[in-house]
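Please read the structure below before turning to the comments.
Below, chains carry the letters A, B, ... as their sequence lines are ordered, and counting in each starts from 1.
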There are 2 protein chains.
Amino acid sequence: MPSKRVQTASVELARKIPPFTVLSQEEWEEIRSSLYVRRYEEGTFLFFEGDPPTALYLILEGHIALVRHSPEGRDIVLDVMRPGNMVGELAVFEGVPYSASGKALDCVQVVAIPRDKFLHLLARYPRMATAVIYDLTRRVRHLSDLVQSLVIERVEQRLARILLRLAKISGEYTDEGWAINLPLTRQDLADMAGTTVETAIRTLSRLRKEGVVDTIHGRIVIRDPERLSEIAETSE
Amino acid sequence: MPSKRVQTASVELARKIPPFTVLSQEEWEEIRSSLYVRRYEEGTFLFFEGDPPTALYLILEGHIALVRHSPEGRDIVLDVMRPGNMVGELAVFEGVPYSASGKALDCVQVVAIPRDKFLHLLARYPRMATAVIYDLTRRVRHLSDLVQSLVIERVEQRLARILLRLAKISGEYTDEGWAINLPLTRQDLADMAGTTVETAIRTLSRLRKEGVVDTIHGRIVIRDPERLSEIAETSE
DNA sequence: CGTTTGCTTGATACGTATCAAAGTTGGTGG
DNA sequence: CCACCAACTTTGATACGTATCAAGCAAACG
């Protein structure tokens, strides 16, 4: 049964990432059966804001955007998570609905841990909490940066910062430049920068005319990382 | 020695708040000597953004604002912490400089736990991690709300939201209305709303003329909580 | 008292949202 | 292979909220 073997192999990948690295081999073997692998297509949702907290997800592959939907129909991307990160801890911990939706930005593979299983695990192996704390810590720091960015920076700077971050997260060096390996729409970028599509487009167009960035086959390529960093850091 | 007795009594208050409630009496007695109480005057700083992480603080009394300073001299309040909350966990955990300053908004009393002591405690009593996680969870949720607020709401709505939150945190019912028991300047409020003093003042003036809020002896009083909630929730 | 610090109001400029409309791309089925 | 549709992208004109600069005012303080 090939599919079964793939499944087992994938779960085994989780063995090597933070919450589980603290476990001994026996402990791991014991809990492994509680975990299951799931795949999500680009653009699909793992869960929606407001859903009851059924599971916590550990990213094996791909990228997930945490998105808030506003009543007026506007979306806001709070964070972009990548392999090794956890998603859904907040809700799972407090037993309250997810406070944001989890949207697959590309082809995503996760290990899902049902809420009650995870709470059991944590009660039994409290050392696992360290991994959760580190993940939350990263999120607090990122959100703090985002707040500061929204208050003091203009759209151009915010976009520059976002592009550099995305390139760091999932960039690839090509002969065209430093390419961001994610199928992002202008709307996605606008939602990350806290602005509108039109403004995001205008800003990117200007940067393209200046030779700083470009889009090739729908992917954004950073042609002049130095210049982009300058724009991101300009304090005025 | 009266001062010594006060000190001991104050440390004892920490016994009843989250990270320590999980400890048995013996465990508590063992670690108690590692803790010490500190007091801060209104307007003083417990630590500054960029300082090495010397200690984690547990608030016994008073309120602390987590403030980011921008290079251009602008301040941004990321969160307001109150009794029972922890301050400084991020830096203490990762061993990196504080990512924001801790500013006493009123007369503050804290239990300080030196970094190495706290890490030891946590390694020894991993159950304590739960309290840390809950605190971080609250912060992530608050920062997420703040980001959403900054992106979709206008200054008036943001200020309304902030006033309601502050009133919930440290409000008192007087015959004048629901008074916020903190000595806040207009600048403080502007820093919380991510705007400038002038705009904050103009907005508050308007609200005062409409009979929604007022300031009496430098304290803000909410005269019409209903109306203020409406303003905070108006989705357009 | 004079000086500082915080508060207030006004005039103007700028960045970005909004509304509108046209161009582009990729996929689907005839 | 082409026609068509839907989704995404792009550009333009205009309006609005808020920052900025400037100046006067009030209260606190040594």
Side-chain angles (χ1 to χ4, degrees), chain A residues 41-44 70-76 103 105 148-160 162 180 182-210 213-221 231 234-236, chain B residues 41-44 70-76 103 105 148-160 162 180 182-210 213-221 231 234-236:
Chain A
E41 302 260 319
E42 172 192 331
T44 61
S70 87
E72 300 88 41
R74 195 157 174 181
D75 283 1
I76 297 145
K103 180 186 176 188
L105 288 181
Q148 178 163 16
S149 187
L150 286 168
V151 171
I152 68 177
E153 295 176 347
R154 297 190 264 123
V155 170
E156 187 178 48
Q157 288 179 70
R158 302 208 296 268
L159 268 177
I162 287 162
I180 295 174
L182 292 170
L184 298 168
T185 65
R186 309 283 144 161
Q187 184 68 61
D188 288 331
L189 289 169
D191 293 346
M192 292 182 193
T195 184
T196 57
V197 211
E198 295 95 325
T199 301
I201 285 169
R202 277 185 244 271
T203 307
L204 287 172
S205 297
R206 198 171 346 115
L207 291 177
R208 195 187 56 232
K209 276 169 203 151
E210 292 170 6
V213 302
D214 206 344
T215 76
I216 300 172
H217 307 311
R219 310 270 146 142
I220 293 172
V221 177
I231 293 170
T234 305
S235 61
E236 199 175 358
Chain B
E41 302 259 319
E42 172 193 331
T44 61
S70 87
E72 300 88 42
R74 195 157 175 182
D75 283 1
I76 298 145
K103 180 186 176 187
L105 288 181
Q148 179 163 13
S149 186
L150 286 169
V151 170
I152 68 176
E153 296 175 349
R154 296 190 264 120
V155 171
E156 187 178 48
Q157 287 179 70
R158 302 209 296 269
L159 269 177
I162 287 163
I180 294 173
L182 291 170
L184 298 168
T185 65
R186 310 283 143 157
Q187 184 67 61
D188 288 331
L189 289 170
D191 294 345
M192 292 181 193
T195 184
T196 57
V197 210
E198 295 94 325
T199 302
I201 285 171
R202 275 186 247 270
T203 308
L204 287 173
S205 297
R206 200 173 343 116
L207 291 176
R208 196 188 55 231
K209 274 169 204 151
E210 291 170 6
V213 302
D214 206 344
T215 75
I216 300 173
H217 307 313
R219 311 270 145 143
I220 294 172
V221 177
I231 293 170
T234 305
S235 61
E236 202 177 356

Next item on the list: List the protein contact pattern of nucleotides 5-21 of chain C with one symbol per nucleotide (5' to 3'): B for base contact, S for sugar-phosphate-only contact, - for none; contact means a heavy-atom distance under 4.0 Å.
Entry: --SBBBB---SSSBB--
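Only one option out of B:L204, B:V155, B:L159 pairs with B:T199 in a side chain to side chain contact (heavy atoms under 4.5 Å, CB included); it is B:V155.
Put simply, the side chain of B:E153 does not reach to within 4.5 Å of the side chain of B:T234, judged on heavy atoms.
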Next item on the list: Test A:T215 against A:R208 for side chain to side chain contact (heavy atoms under 4.5 Å, CB included), laying out the working first.
Entry: CA-CA 8 Å; A:T215 76; A:R208 195 187 56 232; 5.7 Å; no
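Between A:K103 and A:D191 there is no salt bridge, since no side-chain N of the basic residue sits under 4.0 Å from a carboxylate O of the acidic one.
Residues A:R74 and B:I152 approach most closely at CD-CG2, 4.1 Å, considering heavy atoms.
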